[in-house]
Amino acid sequence: MADPLKQERSDPPLPPAPKAGGIAARARAAAGPDYLDGLNLEQIEAVESLDGPVLVLAGAGTGKTRVLTTRIAHLLAAGRARPGDILAVTFTNKAAREMKERVGTMVGKAVEGMPWLGTFHSIGVKILRRHAELVGLKSDFTILDTDDQIRLMKQVIEAADIDEKRWPARVLAAIIDNWKNRGLSPADVPAGDAMSFADGRGKSLYAAYQERLKTLNAADFGDLLLENLRLFRAHADVLARYQERFRYMLVDEYQDTNVAQYLWLRLLAQGSKNLCVVGDDDQSIYGWRGAEVDNILRFEKDFPGAKVIRLERNYRSTGHILAAASHLIAHNEGRLGKTLRTEGEAGEKVTVTGAWDSEEEARAIGEEIEALARKGHKLSEIAILVRASFQMREFEDRFVTLGLPYRVIGGPRFYERAEIRDALAYFRCVCSVSDDLAFERIVNVPKRGLGDVALQTLHDYGRTNRVSLMEAARVLTTTEELKTKPRGALRDLVAAFDRWRGQLDQLPHTELAEIVLDESGYTAMWQNDRSADAAGRLENLKELVRSMEAFENLRGFLEHIALVMDVESGGATDAVNLMTLHAAKGLEFDALFLPGWEEGLFPHQRSLDEQGRAGLEEERRLAHVGLTRARRRARIYFSSNRRIHGLWSSNVPSRFLDELPEAHVEVREAAGGFAEPRSRFDAGSFSSRYDTPGWQRAQTRRGGGAEGAAGRFVRKPVTIEGEVVAKTGHGSSAFARGERVFHVKFGYGEVSEIDGNKLTVQFDKAGEKRVVASFVERA
DNA sequence: TGATGCTGCGTTTTT
DNA sequence: CGCAGCATCA
């Protein structure tokens with residue numbers, strides 16, 4: 001390819017430049033283009049500030065995606081740019097997909113997809129494939145997944161004669177990943193860092209690993225960006241062409257960018273300078289995997305003359321929820337600062353409920369969900385967000401018992417399953433004879449009698465003769481080096497691959513895929529497997545082949561898979577959503593349950609130990625992200641007792657609870673009451689912790705028996721900082737239909753329905769409400 | 001090569 | 001406590 005960029009230059013010519021007076025002015029004069037309808041002033045400003053660097057600080061639920069997509073539509077509609085002139089980067093494929101769709105609906109088929117809208121990685125690959133030879137790769141280089149990466153790392157460590165037991169490959173992989181996130185090539189690794197692995201050999205192992213990647217014609221995820229940096233730095237002409245091409249640049253979730261991504265953007269933005277980044281420093285929750293909040297905090301310094309636009313009007317949550325979230329996050333230092341506001345109703349207060357243990361916590365949440373469901377809430381509009389995935393188990397158990405449909409979001413990924421990776425390895429070998437890692441993976445799967453000895457012989461031959469393993473296998477079937485049995489097996493395998501490769505252009509790729517899986521004996525391997533999950537694996541393989549239909553050929557499919565490790569969720573069923581707080585970012589639900597707000601779990605002890613104040617602040621941002629997922633209801637829980645690693649531990653309510661504003665929070669209590677550390681357990685050195693308001697608050701409500709079986713919701717008066725907010729009830733039987741009652745918040749009313757411990761009351765002023773019996777008293 | 005038992009570890013995860 | 005990964009033995 002003489003000039004890889006040339007072919008794209010066949011875009012239609014730009015329409016004449018708009019006349020002075022500005023697009024915005026003209027647009028408004030003509031009542032404005034309808035894509036601006038319904039945007040608020042700040043949003044419109046963010047859409048129309050096209051020139052120079054722009055930082056859009058978009059708080060949760062302030063219409064961030066809408067601004068981004070409208071801005072793109074505006075660039076196109078106003079004739080500022082052609083689709084190919086715009087670089088729009090996201091982090092996840094999901095975000096890219098959504099943006100593409102939404103731009104599509106706004107601009108219609110005028111945009112035949114935007115070639116440069118995608119994830120950092122997919123755009124990185126696209127650029128890299130065009131100039132691969134300049135960084136020592138061939139344009140058809142393979143992209144390694146984490147699994148390949150670690151296996152390769154193992155080889156490198158063993159080759160360096162280092163004890164892999166003491167210095168595990170996955171640890172080195174993590175370290176190298178980290179360096180790559182920071183934009184560091186082997187030569188750039190600072191001396192201090194290099195000491196961190198195998199007595200200071202980390203740096204040279206990194207270099208060796210990179211060398212192996214080059215001989216394999218492969219790149220790992222980190223390389224996709226790092227090699228771009230190398231390319232741009234070493235070849236000013238190439239960089240200049242992209243700077244010229246990307247006349248407008250947009251970045252989503254800027255607070256999640258790592259150093260390498262920041263450097264990449266900075267190089268590209270030196271051209272047009274029209275870089276618009278959108279993000280929220282209060283939602284930065286990925287510091288532990290290389291994200292630098294600093295990137296967003298420093299934006300104005302990095303890009304002089306940057307315009308900063310704050311989106312502070314929240315369209316998602318009710319007043320109480322928003323106030324709670326804002327008050328909480330205000331405890332962080334080192335933030336750019338935003339004040340979220342809403343013009344919607346105050347809604348229900350955020351509730352905080354204490355439970356005796358995690359089982360009771362799950363039971364209470366299960367009951368509340370059932371109650372919501374009875375009231376006609378859609379289950380898919382309800383979510384439970386946990387800090388750590390082990391918390392999910394309790395809920396799953398409970399929901400199974402209740403027969404309540406649920407789905408886990410996040411979980412183990414489809415493409416990470418062993419059977420899928422095996423199948424993909426077969427396909428990779430068909431497409432590329434030189435994909436050694438793939439070949440290695442499946443050479444003896446299913447078992448073909450090829451053991452360590454045969455594999456070692458292959459490796460040795462391949463290395464000394466500088467040929468791929470497949471080629472080595474081909475040669476070694478004609479020599480005496482291997483025993484007859486493995487030799488025959490290899491001959492069959494190589495012949496099979498030759499045959500399949502010959503069919504690559506003859507047969508539809510889905511058909512070929514089935515043939516490969518059948519003839520290789522892979523399908524049969526699982527059919528003969530009597531273990532419980534074999535059937536599921538076969539089903540997954542079918543699903544894999546089915547998902548290939550959407551692609552033109554095997555190669556296109558593999559490229560997609562390498563970059564897109566997630567699979568479209570079919571989630572059409574109505575089910576409660578269960579996920580981690582991290583997985584919830586970007587989502588929203590009507591009703592939200594937030595269990596496990598205890599010191600040690602949330603904020604997580606490890607975060608505190610390892611990152612100190614920065615760790616605490618990230619945990620707090622996580623709490624903020626959690627709360628702001630809720631549209632109408634947010635219910636927080638904590639358990640006094642929880643079993644962690646098989647041991648029971650009693651816990652103190654999270655400090656985050658103390659950081660919630662009283663006026664927007666209602667404190668409740670589930671069955672069973674509270675741990676009593678001083679008598680039941682030895683509080684010991686923890687006693688200083690009990691000085692917190694949260695603890696004192698808890699103390700006032702302490703009491704009630706353990707295990708909470710029979711006497712549910714029997715309680716002492718509930719107080720917040722001395723103020724009585726609920727009176728002791730006499731249990732569910734205390735009220736009768738038609739009885740007049742009084743509630744501190746809703747005033748006087750009449751009981752119309754009794755459902756166990758919950759009453760439906762027609763309040764004189766507040767209308768119909770469902771309340772817990774113990775929160776009302778006889779009028 | 002497969003099965004069994006032992007040790008160690010246990011937050012969050014995209015590409 | 002429960003699981004994954006590894007080592008050892010048959």
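Remember, it's a predicted structure, so these values are computed and weren't measured experimentally.
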Are any of the side-chain nitrogens in A:Arg182 or A:Glu292 under 4.0 Å away from the carboxylate oxygens of its partner? no

Side-chain donor-acceptor pair present, A:Asp357, A:Ser639, cut-off under 3.5 Å: no

Test the A:Arg620-A:Phe656 pair against the cation-pi criterion, namely NZ or CZ under 6.0 angstrom from the six-membered ring centroid and within 45° of the ring axis. no

Using the heavy-atom set of chain A and a strict 4.0 Å cut-off, write down the first and last nucleotide of DNA chain C that makes it in, 5' to 3'. C:dC1 to C:dA7

Nearest-Å distance, CE (A:Met525) to P (B:dG2)? 10 Å

Steps toward ring-ring contact (aromatic ring centres under 6.0 Å, His included) verdict (A:Phe638, A:Trp597): CA-CA 5 Å; A:Phe638 64 89; A:Trp597 285 42; over 10 Å; no

Quick test of your reading of the model: are A:Arg335 and A:Glu617 salt-bridged, counting only N-O distances below 4.0 Å? no

Nearest-Å distance once atom P is located in both C:dG2 and B:dT13: 22 Å

Taking only Lys NZ, Arg NE, NH1 and NH2, and the carboxylate oxygens of Asp or Glu, determine whether A:Lys180 and A:Asp220 approach each other closer than 4.0 Å. yes

Is it true that A:Arg613 and A:Glu618 have a side-chain N and a carboxylate O under 4.0 angstrom from each other? no

P atoms of C:dG5 and B:dT12, separation to the nearest Å: 15 Å

Taking 4.0 angstrom as the limit, do A:Arg363 and A:Asp397 come out as a salt bridge? no

Does the cation-pi check pass for A:Arg212 over A:Tyr209, that is, NZ or CZ under 6.0 Å from the six-membered ring centre and within 45° of its axis? no

Residue from A:Asp435, A:Asp422, A:Asp148 passing side-chain hydrogen bond (donor to acceptor under 3.5 Å, both in side chains) with A:Arg441: A:Asp422

Each nucleotide N or O in nucleotides 9-13 of chain B that has a protein N or O under 3.5 Å away: list the pair and distance.
unit_1	atom_1	unit_2	atom_2	d
B:dG10	N3	A:His645	ND1	3.3
B:dT11	OP1	A:Arg606	NH1	2.4
B:dT11	O4'	A:His604	NE2	3.2
B:dT11	O2	A:Arg387	NH1	3.0
B:dT11	O2	A:Arg387	NH2	2.2
B:dT12	OP1	A:Ser389	N	2.7
B:dT12	OP1	A:Ser389	OG	2.1
B:dT12	O4'	A:Arg387	NH2	3.2
B:dT12	O2	A:Trp288	NE1	3.1
B:dT12	O2	A:Arg387	NH2	2.9
B:dT13	OP1	A:Thr580	OG1	2.8
B:dT13	O4'	A:Arg289	NH1	3.4

Residues of residues 159-170 of chain A with any non-hydrogen atom less than 4.0 angstrom from an atom of DNA chain B: list those, numerically ordered, please. none

Answer with base, sugar-phosphate or nothing: what part of the nucleic acid does A:Asn93 contact at a heavy-atom distance below 4.0 Å? sugar-phosphate

What is the separation between atom CG on A:Asn444 and atom C1' on B:dT1, rounded to the nearest whole Å? 10 Å

Between A:Gln149 and A:Asp145, do the side chains contain an N or O donor and an N or O acceptor separated by less than 3.5 Å? no

